[in-house]
Amino acid sequence: MNNKILIWSITAALAGFLFGFDTVVISGAEKKLQLLWHSSDMFHGVVVIGMALWGTVVGAFFGGIPTNKLGRKNTLIWIGVLYTISAIGSGFANDPITFAVFRFIGGLGVGASTIAAPAYISEIAPAKDRGKLVGLYQFNIVFGILIAFLSNYLLNNVGENAWRWMIGIEAFPAAIYTLFAITIPKSPRWLLTKFRNSEAIGVLKIISPDQDPEKLMLEIKEEMENTVPNENIFLKKYRFPLILAFLIAFFNQLSGINALLYYAPRIFEEAGLGESTALLSSIGIGITNMLFTLLGIILIDRLGRKQLMYICSFGYIISLSLVSAAFFFSWEGSIVPVLLFMFIASHAIGQGTVIWVFISEIFPNHLRSSGQSFGSSIHWVLAAIVPSLVPILFSAIGASMVFLFFAIMMLLQLFFVIFMMPETKGIALEDLSKNLIKIIK
């Protein structure tokens, strides 16, 4: 693999590190903030926690616009700026509304990153390595999650303002990432869709010195000739990739993954663990997530996307069913953490590794940012709704019923994988979009 492609991919993927850190760092502070501001469960879930998630929805919904207009690189730079502003503002906030506004700004960065980073990496990566390179984005997400859990644990006892350090420390990696993002080149496929051919050829000669850049230009030109002006992803010929993006994003969140990550310490305390032990168990979740994501990245270009989704679907069904039973029958000891680690491992090796790779592959070049915006929006609308309801649902129907519902959803995901999901490994982006569009003709 070209070393420059690897370095540029890692740099773009660092947006995922900030995504993971920003998303989960709130888990160590959320109970303290609820007590500090005397918030009701509804206000706490929807405003204090939920505003970041709704920022993510807005970022995902509109993130395709700058990703297409300004380009993948420039959008990645602005994402770093948003993360930096959010971390500083949230850390200094003195009331829940100000806190929520700055968390919303960070959410914009998270949502936009799920479009710009996978699109950029997929467009500079060779087909044979595309899965593992785009998978670096997900690896950085879970690495960021692990560091957030570890940071929360280490900062938990620094004083009554520990939550400010937990939230604000993100400003340091955010500023460093922003500087790194300035050094990467623009996506050659994006440059070609904007008819900036000479710039694109310069980048293509670096990333593929043994291949003729004119060949890729002809393939993209042929793809563009088969389109109509101002077309969008909602045309009939793009219905199948649109359905695929919707369903993989839908099932990703209906597994309950974000509900667990945001409320991990609270869930462990519900299972009878003390506060310190609960925070430590959260670190275990982060380690499990990272290790199995790494395994998924190793396997995604060998076994393929579909095989990993089979593995994760069965793991989801077994682990979530047993977690539901553990809460229903009040099983004592470390059984709940062990089962949740199994759930995290199932997610990490499958959905966690596959989703951003898969969505970045199934749309044609000129509609990739729009398609990813659609898939990311579905993902983040549900990511905002589901965790916001967790405190209310735990109080109303109990943890056992919540986890049982997630298990049933994963049974439906298994049917999706069996009957609908195509394999995409090792296929050039231009060939892949042709194949998926042909399915509905």
Side-chain angles (χ1 to χ4, degrees), residues 8-9 11-13 15-16 19 55-80 82 107-125 130 133-134 137-138 181 184-196 199-200 203 216 219-221 223-224 226-235 237-246 248-249 355-381 424 428-430 432-434 436-437:
W8 296 338
S9 297
T11 300
F19 165 174
T56 302
V57 171
V58 175
F61 190 80
F62 293 105
I65 297 173
T67 302
N68 186 47
K69 298 292 185 182
L70 301 178
R72 285 59 161 142
K73 172 185 175 175
N74 289 336
T75 303
L76 288 170
I77 293 170
W78 278 106
I79 286 166
L82 291 174
L108 294 176
V110 172
S113 78
T114 61
I115 301 165
Y120 179 84
I121 299 170
S122 71
E123 290 176 353
I124 66 169
R130 191 174 59 240
L133 288 176
V134 180
Y137 176 71
Q138 177 64 21
I184 64 177
K186 291 181 171 66
S187 160
R189 283 181 166 90
W190 177 78
L191 289 169
L192 288 173
T193 62
K194 299 301 179 184
F195 305 104
R196 294 162 62 173
E199 290 180 71
V203 179
L216 177 59
E219 289 174 351
I220 293 179
K221 183 179 179 182
E223 181 184 279
M224 296 294 289
N226 292 328
T227 67
V228 296
N230 300 318
E231 71 174 7
N232 60 66
I233 57 172
F234 299 103
L235 294 178
K237 64 179 178 177
Y238 300 121
R239 185 179 300 165
F240 187 62
L242 199 69
I243 292 172
L244 292 174
F246 175 87
I248 197 166
I355 179 171
W356 306 119
V357 176
F358 188 73
I359 294 177
S360 73
E361 293 175 322
I362 58 178
F363 293 97
N365 289 311
H366 68 295
L367 292 175
R368 181 163 296 111
S369 60
S370 299
Q372 284 191 252
S373 180
F374 172 80
S376 295
S377 297
I378 299 301
H379 174 278
W380 287 115
V381 166
T424 59
L429 292 175
E430 289 70 30
L432 189 52
S433 75
K434 288 179 189 176
L436 294 178
I437 292 169

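Reckoned from all heavy atoms, side chains included, excluding hydrogens, waters and symmetry mates. Here the structure is a predicted model, which means the values were calculated and not measured.
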### Query
Passes side chain to side chain contact (heavy atoms under 4.5 Å, CB included), L429 versus R189? Steps please.
CA-CA 10 Å; L429 292 175; R189 283 181 166 90; 4.0 Å; yes
Sequence neighbours excluded and cut-off under 3.5 Å, please list the side-chain donor-acceptor pairs for residues 63-70, or say none.
from : atom 1 : to  : atom 2 : distance (Å)
T67  : OG1    : G63 : O      : 2.7

### Query
Taking only residues two or more places apart in sequence, or in another chain, which ones meet F246 in a ring-ring contact (aromatic ring centres under 6.0 Å, His included)?
F250
### Query
When you look at H379 and I355, which way does the side chain to side chain contact (heavy atoms under 4.5 Å, CB included) test go after all the steps?
CA-CA 10 Å; H379 174 278; I355 179 171; 3.7 Å; yes
### Query
With a 4.5 Å heavy-atom cut-off, do P185 and Y120 have their side chains touching?
yes
### Task
Give the ring-plane orientation class for H366 versus Y238, where under 30° counts as parallel, over 60° as perpendicular and anything between as tilted.
perpendicular
### Message
Could you check whether any side-chain heavy atom of K194 comes within less than 4.5 Å of a side-chain heavy atom of E199, counting everything from C-beta outward?
### Response
no
### Message
Could you check whether any side-chain N or O of K73 sits under 3.5 Å from a backbone N or O of I184, counting only pairs where one atom can act as donor and the other as acceptor?
### Response
yes
### Query
If you take all heavy atoms of I115 and A60, which pair is closest and at what distance?
CD1-O, 3.1 Å
### Task
For the pair S373 (side chain) and S369 (backbone), establish whether a donor and an acceptor sit closer than 3.5 Å, ignoring hydrogens and angles.
no
### Task
Taking side-chain contact (heavy atoms from CB on, under 4.5 Å) as the test, write out the residues that go with S360, two or more places apart.
P118, S122, V134, Q372
### Task
Using the salt bridge (charged side-chain N to carboxylate O under 4.0 Å, His left out) rule, collect all pairs that involve residues 359-372, keeping only residues at least two apart or in two chains.
E123-R368, R130-E361, R305-E361
### Task
Heavy atoms only: give me the nearest I362-L244 pair and the separation to one decimal.
CD1-CB, 4.0 Å
### Message
Quick one, S370 and F363 - any side-chain contact, counting heavy atoms below 4.5 Å?
### Response
no
### Message
Can you list everything that forms a side-chain contact (heavy atoms from CB on, under 4.5 Å) with L108? Sequence neighbours excluded, please.
### Response
V58, L82, F104
### Message
Keeping T193 on the side-chain end and W190 on the backbone end, is there a donor-acceptor pair under 3.5 Å?
### Response
yes
## Note on the structure
Those residues at least two apart in sequence (or on a different chain) that pass side-chain contact (heavy atoms from CB on, under 4.5 Å) with S113 are A15, F19, I79, Y83, Y137
